Amino acid sequence: GSLLHLGASFYCLLVISLIHILSSIHFRWEEERSTDGSKWKFLEHKGPVLAPPYEPLPGHVRFFYDGKLLRLSAPAEEVATFFAKMLDHEYTTKEMFRKNFYKDWRKEMTSEEKSKITDINKCNFTEMSEYFKAQSEARKQMSKDEKLKIKEENERILQEYGFCVMDNHKERIGNFRIEPPGLFRGRGDHPKMGMLKRRIRPEDIIINCSKDSKHPKPPQGTRWKEVRHDNKVTWLVSWTENIQGSIKYIMLNPSSRIKGEKDWQKYETARRLKKCVDRLRAQYREDWKSKEMRVRQRAVALYFIDKLALRAGNEKEEGETADTVGCCSLRVEHIKLYPKMDDQEYVVEFDFLGKDSIRYYNKMPVEKRVFKNLQLFLENKQPEDDLFDRLNTSILNKHLQELMDGLTAKVFRTYNASITLQQQLKELTTDESIPAKILSYNRANRAVAILCNHQRAAPKTFEKSMQNLQTKIDEKQKQLWATRKQKAVQRIEEQLMKLQMQATDREENKQIALGTSKLNYLDPRISVAWVKKWDVPMEKIYNKTQREKFAWAIDMAEEDYEF
DNA sequence: ACATAGACTTGTATCCACGGTA
DNA sequence: TACCGTGGATACAAGTCTATGT
């Protein structure tokens, strides 16, 4: 059913495309797509760039165990260097990191090494660490010529391996290098931190390309695990990593047709949600009164997802990853209920670790009915029990699918982000200078980032860089006072104003990360339309990479575009 | 209904080149 | 010329969601 619908929506898009074709402009994202689920007809590439082989340390770099010199076998030495390279990092002081590292390291040791090395705390990696620091220092000190040579070599590799041909187009590949071996660094309190991420060999690698293409060849004397020709998927290369046992892929760059089209489709789904969101909201409010606990939980969860832009919250395997949650996996310990708080009633306090162990903290007054439901859900539960014990993402998404074709929990995030940007832009933009307009744009973007909880650690240099900017402003101010000529005054006033806008922007952005929402949540056509309407140069809003990624939108949207 | 594999999107941290400045 | 701050690129981890098998 849904496949047919997808076909139908593509058909609509095709009609739009046809109009473009008729007007004799023909872009690649408007080419006809198949309806049988195949993603391409022809795919040719050179395969991945493998990690360089291990180069043993020079003899003068020593490793000491319990104060005594110990020569390590190459495999054991390699793993030791991974640790040594991270010695300055806080990770290496964590008990879990050291324990996991030590356990995996032992697996690489000879039996003699195993018997000698019995306590990680007696290992002295400092000479190795110093050596790598010196190396990186030497790299910085290289002559212009040497640096240029490296640059040219990188460029050559990029030209050879960084592109593929998919159907009729040469496309940029996203990540064409196989991840090198090293120590796994999870985010947050990860139970597997420090484990050895092993080296990927050609024999681990699956190649995907079309039958009639020139197949990538494995390095001399090796073979690929498999060469397959599956045009129902978009990846070129895959392998299984050993930490979680999950599959990693080499895929195309966001500028590619295949990614751009998917992106476009995502925003079209969010726009369809816009058309029926009132109905859905009325529906879940009704469901708060349902006789069925399951339905009430579903409705309250959906309210959170809609109102707070929470993620769906899939279940995670305990002990395999950091303990983080989303909406459906919230536990009793993650919320607190306050019948009264200051001058507000029915306040819910959220405090939990979300994706990437980023803390979500928020206090929100809710409607009485939601509050009462939450009290009900909490009855007779322990802190570690699920808040929504009758609900998971699969149940929720099945329900959403019935309400609107293609609707899943994450569409709400996209929808709410994009509609917020559009509203905020309307509200904030005034017909002033370009810097003032850009400040408005960034403020609108910021409203979305706050909604989506896209935080960042305040940059270490924040205070200093703020001071520098203030110094510049003060100097400009003095310069202005010292200037008499009318024309010069005007120019300096403009410069001053620009600096002030910049300062405001930077200050407000201290702990906010705009990039993620800009790249993943905001329909780029809203921004394109805004730029056209207010005569702001596109480059002020989107850098080169972003313009490439959003090429489809830049081509498509006019100043009257409505999300 | 449930578990798991697989494919793809979303997310932060880190690296690095570049341009401006002392 | 060395240094420094910054924006953009890169790396890769961590989510979401679908398909498939039992």
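Computed from a predicted structure; not experimentally measured. Chain letters run A, B, ... following the sequence lines, proteins first, then strands; residues in each count from 1.
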Tell me if a side-chain donor or acceptor on [X] pairs with a main-chain N or O of [Y] at a distance below 3.5 Å.
| X | Y | answer |
| --- | --- | --- |
| A:His334 | A:Arg331 | yes |
| A:Arg413 | A:Ala309 | yes |
| A:Asp306 | A:Phe412 | no |

Any Lys/Arg nitrogen of [X] or [Y] sitting under 4.0 Å from an Asp/Glu carboxylate oxygen of the other?
| X | Y | result |
| --- | --- | --- |
| A:Glu261 | A:Arg257 | yes |
| A:Lys197 | A:Glu241 | no |
| A:Glu548 | A:Lys544 | yes |
| A:Glu153 | A:Arg156 | yes |

Tabulate protein N/O versus nucleotide N/O from nucleotides 1-5 of chain C, keeping only pairs under 3.5 Å, one per line.
from, atom 1, to, atom 2, distance (Å)
C:dG5, OP1, A:Lys464, NZ, 2.2

Applying a 4.0 Å non-hydrogen cut-off, can you work out what [X] is touching in the nucleic acid: base, sugar-phosphate, or nothing?
| X | result |
| --- | --- |
| A:Lys316 | sugar-phosphate |
| A:Lys192 | nothing |
| A:Thr321 | nothing |
| A:Thr324 | sugar-phosphate |
| A:Arg187 | base |
| A:Pro180 | sugar-phosphate |
| A:Thr408 | sugar-phosphate |
| A:Gly245 | nothing |
| A:Lys262 | sugar-phosphate |
| A:Arg139 | nothing |
| A:Ala513 | nothing |

>> Counting C-beta onward and ignoring hydrogens, is there a side-chain heavy-atom pair between A:Phe352 and A:Leu310 closer than 4.5 Å?
In response: yes
Please give, in whole Å, the distance from [N] [atom2] to [X] [atom1]?
| X | N | atom1 | atom2 | answer |
| --- | --- | --- | --- | --- |
| A:Asp230 | C:dT20 | CG | P | 11 Å |
| A:Glu241 | C:dA13 | CD | P | 7 Å |
| A:Lys266 | C:dT16 | NZ | P | 15 Å |
| A:Leu396 | C:dT16 | CG | C1' | 12 Å |
| A:Ile247 | C:dT18 | CD1 | P | 18 Å |
| A:Gln546 | C:dA9 | CD | P | 8 Å |
| A:Asn253 | C:dC12 | CG | P | 17 Å |
| A:Asn175 | C:dA13 | CG | P | 12 Å |

>> Looking at every heavy atom in both A:Tyr441 and A:Tyr542, which two are closest together, and how far apart are they?
In response: OH-OH, 4.3 Å
> Taking the six-membered ring for Trp, are A:His454 and A:Tyr521 ring centroids under 6.0 Å apart?
Replying inline: yes
> How about A:Phe125 and A:Phe83: are their ring centroids closer than 6.0 Å?
Replying inline: yes
> DNA chain C: A:Asn543 or A:Arg177, which has the more 5' nearest nucleotide?
Replying inline: A:Asn543
>> Reading DNA chain B from 5' to 3', where do the contacts with chain A start and stop? Cut-off is 4.0 Å to heavy atoms.
In response: B:dG6 to B:dC18
Give a yes-or-no answer on whether the side chains of [X] and [Y] include a donor-acceptor pair shorter than 3.5 Å.
| X | Y | result |
| --- | --- | --- |
| A:Thr408 | A:Gln401 | no |
| A:Tyr249 | A:Thr234 | no |
| A:Asp204 | A:Thr240 | no |
| A:Glu155 | A:Gln159 | yes |

Under 4.0 Å: is that the gap between some side-chain N or O of [X] and OP1 or OP2 of [N]?
| X | N | value |
| --- | --- | --- |
| A:Ser394 | C:dC17 | no |
| A:Lys398 | C:dT18 | no |
| A:Asn314 | C:dG15 | no |
| A:Lys410 | C:dG15 | no |

>> Tell me which residues in residues 351-361 of chain A lie within less than 4.0 Å of DNA chain B, going by non-hydrogen atoms.
In response: A:Lys355, A:Asp356, A:Ile358
> Which residue, A:His454 or A:Asn154, contacts DNA chain B at a nucleotide closer to its 5' end, judged by nearest heavy atom?
Replying inline: A:His454
> For DNA chain B, whose closest nucleotide is more 5', that of A:Val233 or that of A:Tyr521?
Replying inline: A:Val233
> Roughly how far, to the nearest 0.5 Å, is the CG atom of A:Leu439 from the CE atom of A:Met501?
Replying inline: 6.0 Å
>> According to side chain to side chain donor-acceptor pair (under 3.5 Å), who are the partners of A:Asp263, at least two apart in sequence or on a separate chain?
In response: A:Lys266
> Looking at residues 85-96 of chain A, who's got a heavy atom less than 4.0 Å off DNA chain C?
Replying inline: none
>> Near DNA chain C, counting only heavy atoms under 4.0 Å, which residues of residues 439-450 of chain A show up?
In response: none
>> Closest approach to the side chain of A:Gln244, judged atom by atom: which nucleotide of C:dA14, C:dC12, C:dA9 is it?
In response: C:dA14
>> salt bridge (Lys or Arg N to Asp or Glu O under 4.0 Å), that's the test. Do A:Glu268 and A:Arg271 meet it? Break it down for me.
In response: CA-CA 5 Å; A:Glu268 289 307 302; A:Arg271 291 174 88 196; 3.2 Å; yes
> For the residue pair A:Phe350 and A:Phe304, does the interplanar ring angle fall in the parallel (under 30°), tilted (30 to 60°) or perpendicular (over 60°) class?
Replying inline: perpendicular
